[in-house]
Each structure stands twice: as C-alpha cells, then as structure tokens.
Enquirer: 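Below you'll find the structure I mean.
Each chain gets a letter, A, B and so on, in the order the sequences are listed, and its residues count up from 1.
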Amino acid sequence: MDLTWTAAQQEFREEVRTWLAEHVPKEPRPEDKAAGNAFDLAWQRAQFDGGWAGISWPTQFGGRGLDLIEQLIWHEEYALAGAPDVGTCLVGLTQAGPTLILTGDTEQQNQHLLPILRGEVTWCQGFSEPEAGSDLASLRTRAAIDGDDLVINGRKIWTSYGDLADYQELLVRTDPDAPRHHGISWVICDMRAPGIDVRPIETLHGERHFCEITYDNVRVPLRNVVGKLGEGWSVATATLSFERGTAFMADQIRLARRVDDLTEMARRTPAADGRRRAIDDDDIAHRLGRIRAEVAALRAMTYANVSRVGRQDRPGAESSIIRLYYSEAWQRLYRLGVAIAGDAAVQFDRHDPDGQWPWENLNSLRATIAAGTKDIQRNIIGERLLGLPRE
Amino acid sequence: MDLLPDEDQAHLVSTFRGLLEDKLPVSRLREFAAARADFMVEGWPLLADMGLFSLMLGEDKGGAGLGVADQALVFREIGRHLTPGPLIGTVLGGYLTAADGHDDVSAQLAFGTWSAALAEPFRDPNARIEPAPTGSFRVLGAATGVTHVLFCAGAGWALVSAPALVDVLDRKTGIDPAVPLHLVSDCPAEPVVSGRSPHMTTLGRVLTAAWLCGLAEATRDQSANHASSRRQFGKPIGAFQAVKHRCADMAVRVEAAWAQTAYAALAFDHNLADMGFQAAAAKLLAADAAVTNGADNIQNHGGMGFTADLDAHLYLRRACLLEHVFGAAPTLCDYLVSTPASGSMRLQEDPPYGY
C-alpha cells in the first residue's frame, strides 16, 4: 500500500498539466447541438495534434498507450484543469473505437480508428430498444442477409447524438432462432444510409440529445459486421473490459468540485429561519459533512479499483460498486443543494445560481437509470461479488 | 500509488488471521465474556506474542517498524474476529509514548506487560489534560487485569495507573458485554506520563475506522453466506431481490469504508496535509458501515438474528460502541464541513469559517 508517485509519474503529471493549461478551450461549450458537436470534435482534434488522443489506446492504433497510473493521472489533471466533457466523442473513443481495436478486422480498423482520434467523425450507440432496456439480450431489431448486405428493420432508443452522428455501433438480431444472447451481431451502421429516421426525444428537463431511431429496410454491407455473425453479444461484452476505471477519476473530481460549490453556497445562503446561515443548520451540516466524506471515498475507491485492475488485468464487479456509489452520491448532492437553496428551489434554470440546483436535481434522476439501472447494479454486486443465486 | 496490500502486507494479514482463528476464535469469546478477567490473563499475552502491539514500534526498539497502513490492516482482522480487549488505548498509548521518547513505557505497552483502556471526555466540553485528567471521562475496557488508562482530550493525553483509579471508577452497564464501561470525574492520580500530540485524534480515528471495517465485512459475509444457504419458498433467500440488494448495499458500504480507511492510513504514513480530514471521513463511513451492516445482518437472519444464540448481535454491539470512539457523526461532520481537503474540496479562506 503506497500513495507515492514515482519521479517519472510526477514528471508526466507536470507535462500533462502544462499542456492542458495551454490548450484547454477558454470559451464554454455552445449549447446549440451542431455547434456543440463541432466544439467537441475540434477539442478532440486539438488533443490529437498535441499527442493526447486515445490515451488508453495501443500506440499501433494511433493512441498514446499510457499505462494505468498514467491514465489515472491524465484524467485527474484533465478534470482539475476544467477541460471539457468528452461530449459527442464519447462513443467513438470509449466504445466503438475499443471494439474495433479488440475485435475489428484490419480494414475496419484502418477505416475508422484514426478518424475517431482526429475528431473527424461522431459515433452513436444503437443498443437499447423500446422493448429491450435492462433486458438488452431480448433485442429485436432484425437484420436479414440479402446478397452482400444485411437488411435491417427495427427501432432503437436512447441513442445520444443520433441526429448528429456519422456512424453507429449497432446490435441487431441476425439469427432469430438462436436463443437470446446468441444470434446477435455487432455492425457498423452508416447513419446516412437510406431508411434511417432519427427522432430526438425531449427529456423531462428539456434536453433533446437522446433519439429514437427507426430502420426501414436499411442496407448495411456484411463487411461492416465486427467479429463474427451471431457473436455480437461477446463482442460488446469484451468492450466492457477495455474500460479500466481510470476515467472515473474525472467524474469524481467534478463531483468534488460541486461539493465545494455546495459548501460555499451553504455558507452564504440563509437557513430556513432567515437568521442563521444554512451551514449552521445541523441537518445541512450533517448532510454536507457526509457528502464530503463520500466524495473522498470515491477517490479512494477509484484508486483501489485501479490498483486491483492493475493486478488482475481486468475490471471486476467492484466497478459496479463505484458506479452505484457515484450515481447515488450525485443524487444526494443535488437533493442537498435543493435543501440549501430553500425557497429559491422552485426555480428551474441551469444557468441561475439558485435555479441550477433544482435543475441538476431533476437531471440527477438519470444517474441511477443510464448505463445500467441501480437495480441491475445491485444484482451484479449481489451475484458476482457475493455469489448469491440468480432469481 | 497502490491502495491494495503488497505481498508482505498480505502475508501479515494472513498470519494474523490464522493466529486469531486458531487461538482466539469467536467461539472462545463467549467464555471470556462470562469471566472477563480470564481474557487479560489468557488472551492478552497471545495478542502481544502475535506482535499486535509492537507493529509500529521502531525496529531499533524491538518492534516491526511498520506503519499505520499495516496496523490498520491488522485492526481490520481484529474487527472481523470480534477480538476483545483495550486494543486502541494500548496501541495508541504505545505510539504516543514512543513518539515522546518514553521508551520504557512504550516497551511495556508494546510487549504486553502493560495494557491501556481508553478514556475520552464524557458530556464535558471542559474536560482536558493539564497534565492530569480534569473533568468527566468515559473509560472503555478497564477490566480487571488492565494495568492503565489512557486519557485523551483534544490534543492532550495522559497515562494513569488503573489501580490508582479503582475507587473513582463508576461502573455502568455497557452495550458491549466484552467491554467494561466506567465513568470517572476528576482523576485523583498523577499520570505516569503525559503529553500532547496533534496527530492523536487522527490516528485514533484511523485505527477505530479499520476496526469498524472489519466488523462491517464480517457481517456482510455472514449475511451472504446465510442468504446462499437458507432456503424458503423453494430457493435460497439470496435469490430474492430484496435480500440480494440488501446484501449488495452491505458490500458497497464495506468497499467505500475500507478504501477510505486505507487512504487515510496512507495519508498518515505520508504525513499529508489533509490527513485529519481523511481520517474523519474514514471514521464516519466505517461507523455507518459497521452499524448499518450489523443491523442488516440481523434482519437477514430473520428470527434467529434476534436471539442471543447467534453472534450477530455481538458485532452490532461492538459497532455501536466504537461509533462513539474519537467522535460520532455530529462531531465528525462538523469537522469535515470546516476542514479543507485535497482533490478540489478546499474551503475558501476568506472569510474564515469559525470552528
């Protein structure tokens, strides 16, 4: 057990810090969708030009090939520098790209990897369906072979940036007679192919990033199948092992920053009685102290998880623990923000000093739904970590 | 950076675990609890021989020369095995006396001839060490055969001979049958030795947190085992989501509490500026984990969980006791709210917040 960094690691941290200080965009990300996408791609290009694109990708695929601790340091410094969220580059960098690295053929790798790193293309994910959310293996979007093509019919939902993307990682059922997890294929779908209709969905807080997508006889060449036909489930599962838990460092720091904001707000906002400050209220102070401890624990857990992955070379069920803890801390933080904001909590405005807390509070409902609901996470923890039987 | 035990530390843990299971298994503790004097005669020397009290003593003085991280790993095992005895007071006393150069005293504590029950202020904001303990204190673990009491208040500490206190210790019935509870007002005796240490509370919190983590893990494991084997409605009860999720939450609490405790122990060993914050965070989360897991473990065991036959209540009782050592939630939260921490949780300095 050790908390020291080697001299090489400290030098690396300095290098990262210096580069970020000089290159992190000063202007905020535009709210307009298309402009926001352009911003994300431009920032990705800037990182590529600086030699920082694909920090976890092997160098033979154009990445930086950093080791685990270096990746951790990068993510820490990235968040401390206030660098922009990965935005529309998320799927390409963290899912589609790694999938092609792990399972793609040479032609697919040559065609797609460098454009992802250089911020030239946007990817989206076509996994969930209206009838297949937590139970993804029951997906029904059908792909039938016709000559050299797959002909796809069906629907996908919750596709972030579906209306901006150039490509989609798409899971389809190529063999309806094979049981559940079998008979699924992972294909690269060109989002400009005829027959694709993208409809943005409005979220409860007025965002329109998610999309529902319908496929009406969409043709995708068979050469766009990644891995073998019918092995899409294991292709997608293998991709999960690419993420080593280092990126959590950035999430944790952003949460810690918000806890800082919250503490400061509690100091200057009056308590309900109008006479003391919110921070003098025992309940507020207790909840604030608690969330400060939890955010500290998140960092410790991220370090522990990276240490663990470093030894066994693959993520374990402990990743579900961090994910669950993080998502619930996120929600508790904003519920506390609403409590501190008091009377002002009937506002709803992301850009208002008071109104941002109710906005973020509603936004935080997504935390225990997306990327595996909290119930699924608890199932994973109970079954894989504690060995409890499945239902 | 590595938050997991290295090979030497893994060996240390498995050695202690093996010794505790072999010589002081939980099944033997009921015998001790019934006649408390026996533990200090039969159990304490075993712990001393294991090296529990000399882990952090310098090698030049016959100790293992290890750090708080190692001591914390061992305290976690102590927690898992429900080991009784005035352990925190003795280890803390050994550290404090060694740090101040009282080598004769620290040797007695390190090698098992002396033992120290822990005393902290009890409902007395004016309680202090100056250098004799002044005010009302609560003493934990002053069983017959325990030789000393370590009084801790603020940054001050004082080691007092236990026989000198025998007329002023007011016996109360404590929640943990293995930990005698006494109140004392205005200690009449001169300390054997005393001092001040800015790190005392931090170290006390880390060690107590580690102990609590062990309790939280033991109850998690008891619940997981029970949920896998107990069958109702044709299947193991762990197959039902309510039980499964309750066990999952127990596992989450343990992971958070131990990671934070390990970090806090390392922060102490590396003398980091925010080690006080990290220790308070660890204590807060570990206490919550141990108390909540202790109660959930009883819940998971159904009717049997509510009996004295099962050991489950002993883990909960120990957790409820340790929750109040070196500060319970209100004290810890006040401290956490008014103390800056690394990693982007700095309070602004201006205006200063007045704690």
Side-chain angles (χ1 to χ4, degrees), chain A residues 1-5 9 69 72 76 79-80 252-254 256-257 259-260 263-264 266-267 279 282 285-290 292-308 310-311 318 320-322 324-325 375 377-383 385-391, chain B residues 1-6 9 69-70 73 220 223-224 227-228 235-236 238-241 243-245 247-252 255-267 269-270 272 277-278 280-282 284-285 288 329-330 332-337 341 343-348 353:
Chain A
M1 284 163 74
D2 188 85
L3 267 188
T4 54
W5 311 91
Q9 287 165 351
I69 300 297
L72 187 81
E76 256 186 341
L80 289 171
Q252 183 270 335
I253 286 173
R254 291 193 188 110
R257 282 240 160 95
V259 169
D260 221 11
T263 310
E264 180 51 30
R267 291 173 64 220
I279 206 166
D282 284 342
H286 191 123
R287 289 164 71 179
L288 202 46
R290 174 98 198 193
R292 287 171 71 80
E294 289 171 353
V295 165
L298 265 171
R299 173 173 63 174
M301 280 194 281
T302 304
Y303 279 9
N305 204 38
V306 169
S307 306
R308 192 176 287 124
R311 284 153 193 239
E318 288 86 0
S320 286
I321 289 185
I322 297 186
L324 182 63
Y325 200 84
D375 302 318
Q377 302 294 352
R378 285 188 163 89
N379 280 357
I380 293 171
I381 294 164
E383 289 160 18
L385 204 62
L386 301 180
L388 298 177
R390 305 184 64 141
E391 199 148 358
Chain B
M1 188 287 293
D2 189 339
L3 231 57
L4 298 185
D6 61 30
Q9 288 164 329
D70 305 275
L73 283 167
R220 172 203 64 191
S223 278
S228 292
K235 54 182 82 171
F240 298 111
Q241 245 192 23
V243 175
K244 181 180 295 179
H245 285 194
C247 292
D249 283 339
M250 295 170 88
V252 171
E255 179 76 10
W258 176 250
Q260 179 57 28
T261 300
Y263 188 95
L266 288 170
D269 283 333
H270 292 298
L272 299 186
F277 179 97
Q278 301 299 335
L284 182 73
L285 297 178
D288 180 64
L332 298 171
C333 287
D334 278 350
Y335 180 82
L336 289 167
V337 159
S344 261
M345 277 201 286
R346 303 182 202 300
L347 281 185
Q348 289 168 23
Y353 188 54

Enquirer: Go through B:Pro330, B:Gly238, B:Ala267 and name the one with the most non-hydrogen pairs under 4.5 angstrom from chain A.
Expert: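 Of B:Pro330, B:Gly238, B:Ala267, B:Gly238 has the most heavy-atom pairs under 4.5 Å with chain A.
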Enquirer: Can you tell me how far the CZ atom of B:Phe240 sits from the CD atom of A:Glu391, to the nearest 0.5 Å?
Expert: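 These two atoms lie 7.5 Å from each other.
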Enquirer: Using a cut-off of under 4.5 Å on heavy-atom pairs, state which of B:Ala69, B:Ala329, B:Ala282, B:Ala256 scores highest against chain A.
Expert: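 When all of B:Ala69, B:Ala329, B:Ala282, B:Ala256 are compared, B:Ala256 has the most.
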Enquirer: Looking at A:Glu76, A:Arg287, A:Glu383, A:Gln9, which has the largest count of heavy-atom pairs under 4.5 Å with chain B?
Expert: A:Glu383
Enquirer: Ignoring hydrogens and angles, tell me if any N or O in the side chain of B:Ser228 forms a donor-acceptor pair with the backbone of A:Leu388 under 3.5 Å.
Expert: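 A pair under 3.5 Å: no.
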Enquirer: Check each atom of A:Ile69 against the heavy atoms of chain B and say whether the ones under 4.5 Å are side chain, backbone, both or neither.
Expert: side chain
Enquirer: Run the side chain to side chain contact (heavy atoms under 4.5 Å, CB included) check on B:Asp288 and A:Arg290 step by step: do they pass?
Expert: CA-CA 10 Å; B:Asp288 180 64; A:Arg290 174 98 198 193; 3.2 Å; yes
Enquirer: Return the option, out of A:Ala300, A:Gly387, A:Ser320, with the maximum number of heavy-atom pairs under 4.5 Å with chain B.
Expert: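 Sorted descending by pairs with chain B, the first entry is A:Ala300.
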Enquirer: Between B:Ser223, B:Ala239, B:Cys247, which residue shows the highest count of heavy-atom pairs closer than 4.5 Å to chain A?
Expert: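 Winner by heavy-atom pair count: B:Ala239.
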Enquirer: Side chain, backbone, both or neither: which part of B:Leu285 has a non-hydrogen atom closer than 4.5 Å to chain A?
Expert: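 It is the side chain, since no backbone atom gets that close.
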Enquirer: Against chain A, work out which of B:Gln241, B:Gln278, B:Lys235 has the most heavy-atom pairs shorter than 4.5 Å and name it.
Expert: B:Gln241
Enquirer: Measuring heavy-atom distances to chain A, does B:Leu272 have an atom under 4.5 Å in its side chain, in its backbone, in both, or in neither?
Expert: side chain
Enquirer: Can you tell me how far the CG atom of B:Asp6 sits from the CG atom of A:Asp2, to the nearest 0.5 Å?
Expert: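 The CG atom of A:Asp2 is 9.0 Å from CG of B:Asp6, to the nearest 0.5 Å.
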Enquirer: Just do the side chain to side chain contact (heavy atoms under 4.5 Å, CB included) check on B:Met1 and A:Thr4 with the steps written out, would you?
Expert: CA-CA 5 Å; B:Met1 188 287 293; A:Thr4 54; over 6 Å; no
Enquirer: Please classify the contact of A:Leu324 with chain B as side chain, backbone, both or neither, using a heavy-atom distance under 4.5 Å.
Expert: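 Side chain only.
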Enquirer: Are side-chain heavy atoms of A:Leu298 and B:Gln260 found at a separation under 4.5 Å?
Expert: no
Enquirer: First locate atom CE of B:Met250, then atom CD1 of A:Ile381, and finally report the distance between them rounded to the nearest 0.5 Å.
Expert: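 Separation between the atoms: 13.5 Å.
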Enquirer: For the backbone of A:Glu318 and the side chain of B:Glu255, can you confirm whether one donor and one acceptor N or O come within less than 3.5 Å of each other?
Expert: no
Enquirer: Heavy-atom pairs under 4.5 Å with chain A: which of B:Ala248, B:Ala281, B:Ala265 has the most?
Expert: B:Ala248
Enquirer: Under the side-chain hydrogen bond (donor to acceptor under 3.5 Å, both in side chains) rule, what do A:His286 and B:Asp334 come out as? Steps first, then yes or no, please.
Expert: CA-CA 7 Å; A:His286 191 123; B:Asp334 278 350; over 6 Å; no
Enquirer: Do B:Leu3 and A:Met1 have side chains that get closer than 4.5 Å, going by heavy atoms?
Expert: no
Enquirer: Pair A:Leu3, B:Asp2 - check side chain to side chain contact (heavy atoms under 4.5 Å, CB included), show working.
Expert: CA-CA 6 Å; A:Leu3 267 188; B:Asp2 189 339; over 6 Å; no
Enquirer: Quick one, A:Asn379 with B:His245, criterion side chain to side chain contact (heavy atoms under 4.5 Å, CB included). Give me CA distance, side-chain angles, the key distance, then yes/no.
Expert: CA-CA 7 Å; A:Asn379 280 357; B:His245 285 194; 2.7 Å; yes
Enquirer: Which atoms form the tightest heavy-atom contact between A:Ile321 and B:Ala251, and what is the distance?
Expert: CD1-O, 4.0 Å
Enquirer: Has the side chain of A:Arg292 got a donor or acceptor atom that lies under 3.5 Å from a matching backbone atom of B:Leu336?
Expert: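 Flag set: sc A:Arg292 to bb B:Leu336 pair under 3.5 Å.
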Enquirer: A:Asn305 versus chain B, heavy atoms under 4.5 Å apart: side chain, backbone, both or neither?
Expert: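 Looking at A:Asn305, nothing touches chain B.
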Enquirer: Is it the backbone or the side chain of A:Ile380 that comes under 4.5 Å from a heavy atom of chain B, or both, or neither?
Expert: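 It is neither, since no heavy atom gets under 4.5 Å.
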Enquirer: Does a sphere of radius 6.0 Å around CZ in A:Arg311 hold more than 12 heavy atoms from other residues, nucleotides or ligands, not counting ones at 6.0 Å or beyond?
Expert: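 Result for CZ/A:Arg311: enclosed.
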Enquirer: Mind listing the closest non-hydrogen atom pair of A:Ala285 and B:Val337 along with its distance?
Expert: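 For A:Ala285 versus B:Val337, the nearest heavy atoms are O-CG2, 3.4 Å.
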Enquirer: So which of A:Leu288, A:Asp375, A:Val306 has the biggest tally of heavy-atom pairs under 4.5 Å with chain B?
Expert: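 Between A:Leu288, A:Asp375, A:Val306, the count favours A:Asp375.
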